[in-house]
Visitor: 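This is the structure I want to talk about, given as C-alpha coordinates.
Along the sequence shown, residues are numbered consecutively beginning with 1. Both ligands and their constituent atoms are indexed starting at 1 by order of listing.
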Amino acid sequence: MDTSSNTLDIVGLCGSLRAGSLNGMALRLAGECMPQGMALEVIEWSQVPPFNADVLEQQGVPAPVQRIRDRIARADGVVIATPEYNFSLPGMLKNLIDWLSRGADQPMAHKPVAIMSAATGPLGGARVQYDLRRVLLFVNAMVLVKPEVFIGNAQSKFTSEGQCSDEATRQFVAAQMAAFGRWIAQARAMQAG
Ligand code: FNR
(Lines give C-alpha, C1' and ligand atoms only; values in the text may rest on other atoms or scores of the structure.)
Protein backbone atom coordinates (compact mmCIF):
# COMPACT_ATOMS: atom_id res chain seq x y z
CA MET A 1 0.00 0.00 0.00
CA ASP A 2 1.24 3.48 -0.90
CA THR A 3 1.34 5.35 2.39
CA SER A 4 2.61 8.71 1.14
CA SER A 5 0.69 11.52 2.80
CA ASN A 6 -1.12 12.70 -0.33
CA THR A 7 -2.48 9.23 -1.08
CA LEU A 8 -6.16 8.83 -0.25
CA ASP A 9 -6.46 6.19 2.44
CA ILE A 10 -9.53 4.03 1.79
CA VAL A 11 -10.88 1.41 4.18
CA GLY A 12 -12.63 -1.62 2.67
CA LEU A 13 -15.42 -3.37 4.57
CA CYS A 14 -16.75 -6.67 3.31
CA GLY A 15 -20.32 -7.47 4.34
CA SER A 16 -19.59 -11.19 4.20
CA LEU A 17 -17.40 -12.95 6.75
CA ARG A 18 -16.85 -15.94 4.44
CA ALA A 19 -13.23 -16.70 3.54
CA GLY A 20 -14.19 -17.28 -0.11
CA SER A 21 -16.54 -14.32 -0.27
CA LEU A 22 -17.36 -13.02 -3.74
CA ASN A 23 -17.77 -9.59 -2.15
CA GLY A 24 -14.28 -9.91 -0.73
CA MET A 25 -13.10 -10.55 -4.29
CA ALA A 26 -15.03 -7.50 -5.50
CA LEU A 27 -13.38 -5.42 -2.79
CA ARG A 28 -9.93 -6.59 -3.81
CA LEU A 29 -10.81 -5.77 -7.41
CA ALA A 30 -11.76 -2.26 -6.25
CA GLY A 31 -8.30 -1.94 -4.71
CA GLU A 32 -6.64 -3.07 -7.95
CA CYS A 33 -8.76 -0.68 -10.05
CA MET A 34 -8.28 2.44 -7.96
CA PRO A 35 -6.71 5.37 -9.75
CA GLN A 36 -3.22 6.42 -8.79
CA GLY A 37 -3.30 8.33 -5.52
CA MET A 38 -5.80 6.04 -3.79
CA ALA A 39 -4.98 2.95 -1.72
CA LEU A 40 -7.35 0.39 -0.17
CA GLU A 41 -6.91 -1.53 3.06
CA VAL A 42 -9.56 -4.19 3.62
CA ILE A 43 -10.13 -4.45 7.36
CA GLU A 44 -11.13 -7.50 9.31
CA TRP A 45 -14.07 -7.06 11.65
CA SER A 46 -15.33 -10.56 12.48
CA GLN A 47 -14.60 -10.06 16.21
CA VAL A 48 -17.27 -7.37 16.60
CA PRO A 49 -19.75 -8.61 19.24
CA PRO A 50 -23.54 -8.38 19.02
CA PHE A 51 -24.69 -4.84 19.78
CA ASN A 52 -25.99 -4.47 23.30
CA ALA A 53 -26.70 -1.01 24.72
CA ASP A 54 -26.10 -2.33 28.26
CA VAL A 55 -22.55 -3.34 27.32
CA LEU A 56 -21.97 0.11 25.83
CA GLU A 57 -23.29 1.89 28.92
CA GLN A 58 -21.63 -0.33 31.52
CA GLN A 59 -18.35 -1.30 29.88
CA GLY A 60 -17.88 1.23 27.07
CA VAL A 61 -17.05 0.51 23.46
CA PRO A 62 -15.62 -3.01 23.06
CA ALA A 63 -11.99 -3.11 21.86
CA PRO A 64 -12.73 -4.67 18.43
CA VAL A 65 -15.31 -1.95 17.76
CA GLN A 66 -13.01 0.85 18.95
CA ARG A 67 -10.26 -0.41 16.63
CA ILE A 68 -12.62 -0.15 13.65
CA ARG A 69 -13.97 3.23 14.76
CA ASP A 70 -10.42 4.60 14.97
CA ARG A 71 -9.40 3.11 11.62
CA ILE A 72 -12.44 4.54 9.83
CA ALA A 73 -12.00 7.92 11.54
CA ARG A 74 -8.46 8.15 10.10
CA ALA A 75 -9.53 7.12 6.59
CA ASP A 76 -10.39 9.42 3.70
CA GLY A 77 -13.20 7.12 2.60
CA VAL A 78 -14.84 3.72 2.97
CA VAL A 79 -15.79 1.16 0.33
CA ILE A 80 -18.42 -1.37 1.38
CA ALA A 81 -18.93 -4.51 -0.72
CA THR A 82 -21.78 -6.58 0.61
CA PRO A 83 -23.97 -9.52 -0.24
CA GLU A 84 -27.74 -9.30 -0.04
CA TYR A 85 -29.20 -11.60 2.60
CA ASN A 86 -32.94 -12.18 2.33
CA PHE A 87 -33.41 -9.01 0.29
CA SER A 88 -31.54 -6.82 2.81
CA LEU A 89 -28.31 -6.27 4.80
CA PRO A 90 -26.43 -9.18 6.34
CA GLY A 91 -27.19 -9.00 10.06
CA MET A 92 -23.51 -8.72 11.01
CA LEU A 93 -22.98 -5.70 8.76
CA LYS A 94 -26.03 -3.95 10.22
CA ASN A 95 -24.74 -4.85 13.68
CA LEU A 96 -21.37 -3.24 12.88
CA ILE A 97 -23.07 -0.05 11.66
CA ASP A 98 -25.21 -0.02 14.82
CA TRP A 99 -22.02 -0.03 16.90
CA LEU A 100 -20.49 2.71 14.76
CA SER A 101 -23.62 4.85 15.10
CA ARG A 102 -23.47 5.31 18.88
CA GLY A 103 -21.72 7.93 20.98
CA ALA A 104 -19.69 11.00 20.20
CA ASP A 105 -17.07 11.22 17.45
CA GLN A 106 -19.08 9.11 15.06
CA PRO A 107 -16.59 7.78 12.54
CA MET A 108 -19.06 7.57 9.65
CA ALA A 109 -20.28 11.15 9.96
CA HIS A 110 -19.43 13.07 6.75
CA LYS A 111 -17.30 10.13 5.61
CA PRO A 112 -17.35 9.53 1.84
CA VAL A 113 -18.61 5.99 1.16
CA ALA A 114 -18.91 3.92 -2.01
CA ILE A 115 -21.02 0.78 -2.04
CA MET A 116 -21.14 -2.26 -4.29
CA SER A 117 -22.65 -5.70 -4.07
CA ALA A 118 -21.98 -9.13 -5.53
CA ALA A 119 -24.49 -11.96 -5.52
CA THR A 120 -24.90 -15.35 -7.12
CA GLY A 121 -28.32 -14.26 -8.37
CA PRO A 122 -28.83 -12.17 -11.51
CA LEU A 123 -29.70 -8.88 -9.74
CA GLY A 124 -26.33 -8.61 -8.06
CA GLY A 125 -27.74 -7.39 -4.76
CA ALA A 126 -29.96 -4.64 -6.13
CA ARG A 127 -32.18 -4.66 -3.05
CA VAL A 128 -29.50 -4.59 -0.37
CA GLN A 129 -27.94 -1.43 -1.74
CA TYR A 130 -31.04 0.65 -1.15
CA ASP A 131 -31.42 -0.64 2.39
CA LEU A 132 -27.73 0.06 3.02
CA ARG A 133 -28.09 3.60 1.65
CA ARG A 134 -31.03 4.16 4.02
CA VAL A 135 -29.02 2.99 7.04
CA LEU A 136 -26.03 5.11 6.03
CA LEU A 137 -28.28 8.18 5.88
CA PHE A 138 -28.78 7.95 9.63
CA VAL A 139 -25.05 7.99 10.34
CA ASN A 140 -24.59 11.03 8.07
CA ALA A 141 -22.27 9.24 5.67
CA MET A 142 -21.74 10.88 2.28
CA VAL A 143 -22.61 8.03 -0.04
CA LEU A 144 -21.59 8.20 -3.71
CA VAL A 145 -24.75 8.02 -5.82
CA LYS A 146 -23.42 6.88 -9.21
CA PRO A 147 -22.09 4.85 -10.87
CA GLU A 148 -23.71 1.93 -9.07
CA VAL A 149 -22.01 -1.48 -9.16
CA PHE A 150 -24.13 -4.62 -9.01
CA ILE A 151 -22.21 -7.81 -9.78
CA GLY A 152 -24.81 -10.43 -10.71
CA ASN A 153 -23.98 -14.12 -11.26
CA ALA A 154 -20.77 -13.20 -9.49
CA GLN A 155 -19.50 -16.77 -9.25
CA SER A 156 -18.97 -16.67 -13.03
CA LYS A 157 -16.98 -13.41 -12.89
CA PHE A 158 -14.12 -14.41 -10.61
CA THR A 159 -11.64 -17.27 -10.89
CA SER A 160 -11.21 -19.79 -8.07
CA GLU A 161 -8.17 -17.70 -7.03
CA GLY A 162 -10.41 -14.64 -6.67
CA GLN A 163 -9.24 -12.77 -9.75
CA CYS A 164 -11.84 -10.97 -11.84
CA SER A 165 -12.27 -12.74 -15.17
CA ASP A 166 -14.91 -10.40 -16.58
CA GLU A 167 -13.70 -7.26 -18.32
CA ALA A 168 -17.06 -5.47 -18.07
CA THR A 169 -17.09 -5.97 -14.27
CA ARG A 170 -13.53 -4.64 -14.02
CA GLN A 171 -14.51 -1.55 -16.01
CA PHE A 172 -17.64 -0.90 -13.91
CA VAL A 173 -15.61 -1.13 -10.71
CA ALA A 174 -12.79 1.04 -12.11
CA ALA A 175 -15.32 3.70 -13.15
CA GLN A 176 -16.85 3.71 -9.69
CA MET A 177 -13.46 4.04 -8.00
CA ALA A 178 -12.53 6.95 -10.29
CA ALA A 179 -15.85 8.63 -9.42
CA PHE A 180 -15.21 7.91 -5.74
CA GLY A 181 -11.88 9.76 -5.90
CA ARG A 182 -13.68 12.79 -7.35
CA TRP A 183 -16.47 12.44 -4.76
CA ILE A 184 -13.95 12.56 -1.91
CA ALA A 185 -12.53 15.79 -3.35
CA GLN A 186 -16.06 17.25 -3.63
CA ALA A 187 -16.91 16.19 -0.09
CA ARG A 188 -13.77 17.93 1.20
CA ALA A 189 -14.61 21.09 -0.71
CA MET A 190 -18.14 21.08 0.73
CA GLN A 191 -16.83 20.69 4.26
CA ALA A 192 -14.21 23.40 3.76
CA GLY A 193 -16.90 25.75 2.41
C1 FNR B 1 -28.19 -15.36 0.18
N2 FNR B 1 -28.10 -15.05 -1.17
C3 FNR B 1 -28.94 -14.09 -1.71
N4 FNR B 1 -28.71 -13.59 -2.98
C5 FNR B 1 -29.51 -12.61 -3.48
O6 FNR B 1 -29.27 -12.13 -4.59
N7 FNR B 1 -30.55 -12.10 -2.74
C8 FNR B 1 -30.85 -12.56 -1.49
O9 FNR B 1 -31.77 -12.08 -0.86
C10 FNR B 1 -30.01 -13.60 -0.94
N11 FNR B 1 -30.23 -14.08 0.31
C12 FNR B 1 -29.29 -14.86 0.91
C13 FNR B 1 -29.40 -15.14 2.29
C14 FNR B 1 -28.39 -15.85 2.92
C15 FNR B 1 -28.47 -16.09 4.40
C16 FNR B 1 -27.29 -16.34 2.17
C17 FNR B 1 -26.18 -17.11 2.86
C18 FNR B 1 -27.21 -16.11 0.84
C19 FNR B 1 -27.06 -15.65 -2.01
C20 FNR B 1 -25.80 -14.79 -2.02
O21 FNR B 1 -25.87 -13.89 -3.13
C22 FNR B 1 -24.55 -15.66 -2.19
O23 FNR B 1 -24.50 -16.63 -1.17
C24 FNR B 1 -23.29 -14.84 -2.20
O25 FNR B 1 -22.20 -15.64 -2.61
C26 FNR B 1 -22.99 -14.27 -0.81
O27 FNR B 1 -21.92 -13.36 -0.87
P28 FNR B 1 -20.42 -13.75 -0.47
O29 FNR B 1 -20.44 -14.44 0.86
O30 FNR B 1 -19.94 -14.66 -1.58
O31 FNR B 1 -19.71 -12.44 -0.49
Side-chain angles (χ1 to χ4, degrees), residues 1 10-34 38-52 64-65 67-68 71-72 75 77-100 108 111-139 141 143-177 179-180:
M1 187 173 85
I10 311 297
V11 161
L13 288 175
C14 181
S16 170
L17 300 178
R18 224 162 57 81
S21 164
L22 292 162
N23 285 278
M25 295 174 193
L27 210 45
R28 287 192 291 280
L29 175 62
E32 285 168 31
C33 291
M34 278 178 174
M38 294 173 78
L40 180 79
E41 184 190 4
V42 178
I43 62 170
E44 211 277 323
W45 57 276
S46 61
Q47 299 305 311
V48 168
F51 179 77
N52 182 332
V65 177
R67 186 175 56 79
I68 293 161
R71 182 65 188 89
I72 291 176
V78 176
V79 178
I80 302 175
T82 185
E84 175 175 286
Y85 281 177
N86 303 308
F87 289 3
S88 189
L89 274 74
M92 282 290 281
L93 178 61
K94 176 64 163 53
N95 179 67
L96 172 64
I97 297 171
D98 291 342
W99 272 117
L100 298 178
M108 296 300 285
K111 188 68 63 180
V113 176
I115 63 180
M116 63 181 69
S117 53
T120 48
L123 297 185
R127 292 155 293 221
V128 65
Q129 290 204 16
Y130 297 107
D131 278 3
L132 180 57
R133 284 179 187 277
R134 193 157 51 93
V135 172
L136 291 171
L137 272 177
F138 182 85
V139 294
V143 184
L144 175 72
V145 177
K146 289 181 189 169
E148 298 172 301
V149 173
F150 305 103
I151 308 175
N153 301 316
Q155 71 285 3
S156 69
K157 294 177 177 157
F158 293 91
T159 66
S160 51
E161 286 79 41
Q163 289 299 308
C164 179
S165 53
D166 183 64
E167 189 51 31
T169 298
R170 182 176 291 276
Q171 284 179 15
F172 279 127
V173 171
Q176 192 194 50
M177 289 302 104
F180 191 42

Visitor: Say you draw a straight line from CG of Leu93 to CG of Asp131; how long is it, rounded to the nearest 0.5 Å?
Guide: 11.0 Å

Visitor: Can you tell me how far the CG atom of Leu22 sits from the SG atom of Cys164, to the nearest 0.5 Å?
Guide: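 The CG atom of Leu22 sits 11.0 Å away from the SG atom of Cys164.
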
Visitor: Can any side-chain N or O of Trp45 pair as donor or acceptor with the backbone N or O of Cys14 at less than 3.5 Å?
Guide: yes

Visitor: Measure and list all N/O to N/O distances between ligand 1 and the protein that fall under 3.5 angstrom.
Guide:
residue	atom	partner	partner atom	Å
ligand 1	7 (N)	Glu84	OE2	2.7
ligand 1	9 (O)	Glu84	OE2	3.3
ligand 1	9 (O)	Asn86	N	3.1
ligand 1	9 (O)	Phe87	N	2.8
ligand 1	11 (N)	Glu84	O	3.3
ligand 1	11 (N)	Asn86	N	2.9
ligand 1	21 (O)	Thr120	N	3.2
ligand 1	27 (O)	Asn23	ND2	3.4
ligand 1	29 (O)	Ser16	OG	2.7
ligand 1	29 (O)	Arg18	NE	2.8
ligand 1	30 (O)	Arg18	NH2	2.7
ligand 1	30 (O)	Leu22	N	2.9
ligand 1	31 (O)	Ser21	OG	2.5
ligand 1	31 (O)	Leu22	N	3.3
ligand 1	31 (O)	Asn23	N	3.0
ligand 1	31 (O)	Asn23	ND2	2.8

Visitor: Tell me if a side-chain donor or acceptor on Lys146 pairs with a main-chain N or O of Ala179 at a distance below 3.5 Å.
Guide: no

Visitor: Quick check for you: to the nearest 0.5 Å, what is the distance between Met116 atom CE and Thr82 atom OG1?
Guide: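 Reported to 0.5 Å precision, the distance equals 11.5 Å.
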
Visitor: If I take atom SG from residue Cys33 and atom CZ from residue Phe172, how far apart are they, to the nearest 0.5 angstrom?
Guide: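 So the SG of Cys33 and the CZ of Phe172 are separated by 12.5 Å.
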
